[in-house]
Amino acid sequence: MADQLTPNAVSTVFFADPPIDASTLQPTLQILNIKKIQAAANSMDRYRLIMSDGQHYLQAMLGTQLNNLVESNALTKNGLITLTSYATNVVQGRRLLIILGATASPGPAERIGTPVNVDDRAAATETNDAKPNPVPQQQQQQPQQAAPQIQSARTVAPAAARGGAAAGRGGRGGGRAGGGAPSGPLYPIEGLSPYQNKWTIKARVAHKSDIKHYSNQRGEGKLFNVTLMDETGEIRATGFNEAVDNFYETLQEGKVYFLSRARVNIAKKQFSNVNNDYEIMLDQNTEIEPCDDESVPQIKYNFVSIEGLANVEKDQTCDVLAVVKDVGELGQITSKSNGRPFSKRDITLVDQSQWSVRLTLWGKQAETFTAADDSPVIAFKGVKVGDFGGRSLSMFSSSTMTVNPDIGEAHSLRGWFDAEGNSVSYQNYSNAGGAGVGAAVTSIRPEEMKTIGQIKDENIGMSDKQEYFSTKATVSFIKQESFSYPACPTCNKKVTEDSDGWRCEKCDAVYPQPVHRYILNLSVMDHSGHIWITAFNEAAESIVGKTANELVEMKEVDEAQSAAIFQLALGKTYLFQCSAKQDSYNDQMRIRYSVRRAAEIDYKTEAHNLIKLIDQMQI
DNA sequence: CCCCCCCC
């Protein structure tokens, strides 16, 4: 078993000077331990691995992009790992390995050999957290002292990237004769921490904010933020005052830069959606140089379909690729929190899920958004999911909006929309407000649709709490004997007639006339069976086509006429949105089905849904 | 050193 491990790999990687990377050695090691690092709010989990070559062990941080290897149990204690991409950093005077790429393979049941810690200094601080008290490290990292020891952390991915980096940095150096000390080795963003001050990152500006002016007790100022990204992660950088003057124009969204000599601080996670425990502060020493190398990754999207927004929690952020179907008017609202006015504009987005959703733009973006006629495809990154009317979207200041992005999904969405999306009728998250996803019949999710046979077979309503379902069914019978009750005009409770008029116990009032409200019992059926359901006032009105008041009066005057009205209501098919609940009746448990809404079938939408169901069938 | 992300 021991021969599966790469001999001496741990000390080779740990002590190599200059550092080596996966182009030199791709060691296979045994995992002795995997520990989840307590994640700060809003940040991803991190994993620390202890890995052995049979003689020595060392610890390493797993890049968050590899978290799934742990979470899927591909990497396990005693299992084997082959490092295909990695970098080393010095943190707190210790060499730390960051794993950027790895493959897993099964290992023995037991630890191989009796490996010892590769580094005594590491052993002495073994129990420390990965984020130690910064004070001693600051001391350890005195430039003169630390400079010779700082180990170059290289991103090891494409060779072209390294070549480009070297060329770019060489060029920068040449342009700065006598312009200060070298700014340190190229680091992956993931390797940045407050405990190093000599580093350079090569990163793409994923997002640049507007310049913000502020004024508080400390005085006035201005600032801007950028979100920087490379293949290992993202980080937010902020510049205040003179840094705005120095760098705001230089940094262009989408472009790649070398950045060095900036401070790295602990991020205040509650104020940022950027996935990093740290953030960069640009100051007067900061050096930023453009880089022509395009190998740093483009902004990565993780698109959620509009239909899929139903499964995204409120207040989460997500990425959406959609066609702008409609652009609303520019509006003005007043913030409840600070009384300040804000411009807003709602736009309607659609995609191939054949759902539509509203997205709100704010401020300048709302004022300048003019893509009205040509239904552009827009990629949104980091938009906030709200639950207004079921689901809604809202831009954060950190959200990005890229019109007609040059990515495959965008081209295929464009093609689909021009060919057929134009004429599709979209299911919309209803604007009814507050009732939640699926409140309106137009926004029933396919999984809520049941045949009557399914409602019975699946015992919908047999659980303790109320359940909801929707069904497409036809009215086959309506009970005419008692279809309504006399209700209080104020509170809708049942009223009783006495010598003074109609008395409401709840309101302790007497009214000359009640308002009749429906409790309509009807039998509905489809190909799989029939059930009795109860429709209350509004739903019943839409089925009968008359108010209960009208029908009560009609029945008193001419029962044949009211019977004819009921007759007309038979044989019609609706999309019923129902609730089901247990109920005891004469000591017998039964399920009562109530109609929350009955909507006429929109055959166009219905046809699309059926096609979708057919597509899902495994033939 | 900002830090609001708003309204129906």
Side-chain angles (χ1 to χ4, degrees), chain A residues 40-43 194 207-227 235-248 262-286 314-318 320 326 328-348 356-369 380-401 428-436 439-440:
Chain A
N42 299 333
S43 68
H207 176 255
K208 182 173 83 164
S209 75
D210 291 330
I211 296 170
K212 187 190 169 184
H213 296 264
Y214 64 91
S215 130
N216 57 24
Q217 301 94 314
R218 297 160 178 269
E220 296 195 345
K222 59 183 175 180
L223 71 117
F224 77 110
N225 299 297
V226 287
T227 305
I235 192 164
R236 185 166 80 157
T238 303
F240 284 91
N241 302 318
E242 65 274 21
V244 176
D245 303 329
N246 291 340
F247 302 123
Y248 189 78
R263 282 179 294 153
V264 178
N265 295 332
I266 306 280
K268 294 182 186 133
K269 301 295 290 181
Q270 69 270 31
F271 301 130
S272 163
N273 313 304
V274 175
N275 179 29
N276 201 310
D277 291 341
Y278 306 116
E279 58 188 16
I280 290 174
M281 208 55 82
L282 308 176
D283 59 27
Q284 54 272 49
N285 297 318
T286 300
K314 171 175 149 65
D315 295 332
Q316 293 291 106
T317 58
C318 69
V320 170
D326 185 60
E329 296 295 310
L330 182 64
Q332 199 83 10
I333 60 114
T334 305
S335 166
K336 276 181 177 165
S337 59
N338 58 18
R340 288 219 300 269
F342 285 92
S343 300
K344 65 158 253 182
R345 188 194 297 272
D346 290 338
I347 62 176
T348 304
S356 73
V357 69
R358 197 189 77 176
L359 179 140
T360 305
L361 303 166
W362 300 100
K364 210 173 181 177
Q365 228 162 16
E367 288 157 19
T368 56
F369 191 90
F380 294 91
K381 178 147 193 73
V383 289
K384 181 190 170 188
V385 176
D387 65 353
F388 185 73
R391 280 293 177 274
S392 59
L393 296 172
S394 173
M395 291 291 278
F396 270 139
S397 65
S398 57
S399 309
T400 69
M401 188 174 87
N428 64 306
Y429 290 104
S430 125
N431 282 336

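Naming convention: chains lettered A, B, ... in sequence-line order (proteins, then strands); numbering from 1 in each chain. This one's a predicted model, so the numbers in the text were calculated from it and none came from an experiment.
A close approach under 4.0 Å does not occur between any side-chain nitrogen or oxygen of A:Asn225 and OP1 or OP2 of B:dC2. For A:Lys344 and B:dC8, the shortest distance from a side-chain N or O to OP1 or OP2 is not below 4.0 Å. In this model, the phosphate group of B:dC4 is not approached by any side-chain N or O of A:Lys384 to a distance below 4.0 Å at OP1 or OP2.
Every residue two or more places apart in sequence or in another chain that forms a salt bridge (charged side-chain N to carboxylate O under 4.0 Å, His left out) with A:Asp245 is listed here: A:Lys222. Taking the side-chain hydrogen bond (donor to acceptor under 3.5 Å, both in side chains) definition, one finds that A:Gln316 meets it with nothing, sequence neighbours left out.
Of all the heavy atoms in A:Leu361 and A:Ala366, the pair that sits closest is O-CB, 3.5 Å.
Using a 4.0 Å heavy-atom cutoff across all strands shown, A:Thr360 reaches at least one base atom of the nucleic acid. A:Gln217 comes within contact range of no nucleotide atom at all, as no heavy-atom separation falls under 4.0 Å. Contacts of A:Asn216 with the nucleic acid, taken as non-hydrogen atoms under 4.0 Å apart, involve only primed sugar atoms and P, OP1 or OP2. A:Thr238 comes within contact range of at least one nucleobase, with a heavy-atom separation under 4.0 Å.
Rounded to whole angstrom, the span from the CD atom of A:Glu367 across to the C1' atom of B:dC5 amounts to 15 Å. To the nearest angstrom, C1' of B:dC8 lies 19 Å from OH of A:Tyr429. Here the P atom of nucleotide B:dC7 and the CH2 atom of A:Trp362 are 7 Å apart, to the nearest Å. For A:Leu223 and B:dC2, the CG to P distance is 8 Å, given to the nearest whole Å. Here the C1' atom of nucleotide B:dC1 and the CD atom of A:Gln284 are 13 Å apart, to the nearest Å. One interatomic measurement links the two molecules: CD of A:Glu329 to C1' of B:dC7, which rounds to 16 Å at whole-angstrom precision. A:Asp210 places its CG atom 14 Å from the C1' atom of B:dC2, with the value rounded to the nearest Å. In this structure, CG of A:Asn273 is placed 18 Å from P of B:dC2, rounded to the nearest angstrom.
Here the nucleotide nearest the side chain of A:Ser394, chosen from B:dC8, B:dC1, B:dC6, is B:dC6. Set against B:dC4, B:dC6, B:dC2, the side chain of A:Arg236 has B:dC2 as its closest nucleotide.
Using modelled atom types and a 3.5 Å distance limit, the side chains of A:Trp362 and A:Ser394 yield a donor-acceptor pair. Under the 3.5 Å distance criterion, with hydrogens and angles disregarded, no donor-acceptor pair is assigned to the side chains of A:Thr317 and A:Asn273.
Ring-to-base geometry does not place A:Phe240 in a stacked arrangement with B:dC2 (centre distance under 5.5 Å, plane angle under 30° required).
Contact of A:Arg340 with B:dC5 (side chain to base): no donor-acceptor pair of N or O atoms is detected under 3.5 Å.
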